[in-house]
Amino acid sequence: MFWLMKSEPSELSIDDLAGLPGQRIGWFGVRNYQARNFMMQDMKIGEQAYFYHSSCAVPGIYGIVEICSAAYPDPTQFERASEYFDAAATAEKPRWFQVDVRFVRKTRPIPIDELRGKSRLASMLVLQRGNRLSITPVTTAQWNFIAKLM
DNA sequence: GCCAACGTTGGC
DNA sequence: GCCAACGTTGGC
């Protein structure tokens, strides 16, 4: 499968990733069950994701990352000082999971405006009204269509 | 900063 | 199990 993963550039930007070539980066902080379940149930090592910047001047796709681990417990849920701490999570029964990703490449920025302008992408989840999921599946057709825009 | 949309919480 | 209230997301 293919994916789209959102990040606020103030948290983790494409340039942050580009500065860590070949390194595994834990995708911590997902606190939504649907997004978590995608990581736990559907993501496979080696799959690729479009890296998307949200909550910024030009929201859109800025690069590609690759999934390089299975899902494992997100350590920040156990860290009392973390904004992601979850008092209900225990080592025996972790609630939140993450995967590792690695930087593949930067792409030209493809703004959400441009994506919205393509009728072939009309059903893309990230473009749907009210969408808030930070991890969404991308169909092969959508992936290939966007790849040609790059 | 605004606000629509959505997920979660908690009283009943 | 319903649903109102609340907090968060994220484009604009």
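For clarity, every value in this text was computed on a predicted model and none was experimentally measured. In what follows, chains are A, B, ... by sequence order, proteins preceding strands, each numbered from 1.
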Any donor-acceptor pair under 3.5 Å linking the side chain of A/Glu11 with the backbone of A/Glu8? no

Separation of A/Trp96 atom CH2 from B/dG7 atom P, in whole Å? 13 Å

If I take atom CD1 in residue A/Ile135 and atom P in nucleotide C/dG10, what distance separates them, rounded to the nearest angstrom? 11 Å

Out of B/dG7, C/dG10, C/dC12, which has the shortest distance to the side chain of A/Ser55? C/dG10

Just so I know, are the side chains of A/Pro75 and A/Gln98 near enough to count as touching, which here means a heavy-atom distance under 4.5 Å? yes

What is the distance, to the nearest angstrom, from the CG atom on A/Leu4 to the P atom on C/dT9? 17 Å

Ignoring backbone atoms, establish whether A/Arg31 has a side-chain N or O less than 4.0 Å from OP1 or OP2 of C/dG7. no

Taking only side-chain N and O atoms of A/Tyr52, does any of them lie within less than 4.0 angstrom of OP1 or OP2 on C/dG11? yes

Here the distance between atom C1' of C/dG10 and atom CD1 of A/Ile61, to the nearest Å, is 16 Å

Expressed as a whole number of angstroms, how long is the span from A/Arg95:CZ to B/dT8:P? 10 Å

Residue among A/Phe51, A/Phe38, A/Tyr50, A/Trp27 satisfying ring-ring contact (aromatic ring centres under 6.0 Å, His included) with A/Trp3: A/Phe38

Using whole Å, what does the distance between atom P of nucleotide C/dT8 and atom OH of A/Tyr33 come to? 15 Å

The single option from A/Tyr33, A/Tyr72, A/Phe28 passing ring-ring contact (aromatic ring centres under 6.0 Å, His included) against A/Trp96: A/Tyr33

A/Glu11 CD to C/dT8 P: how many Å, rounded? 14 Å

Using atom CD of A/Gln128 as one end and atom C1' of B/dA4 as the other, report the distance to the nearest whole Å. 15 Å

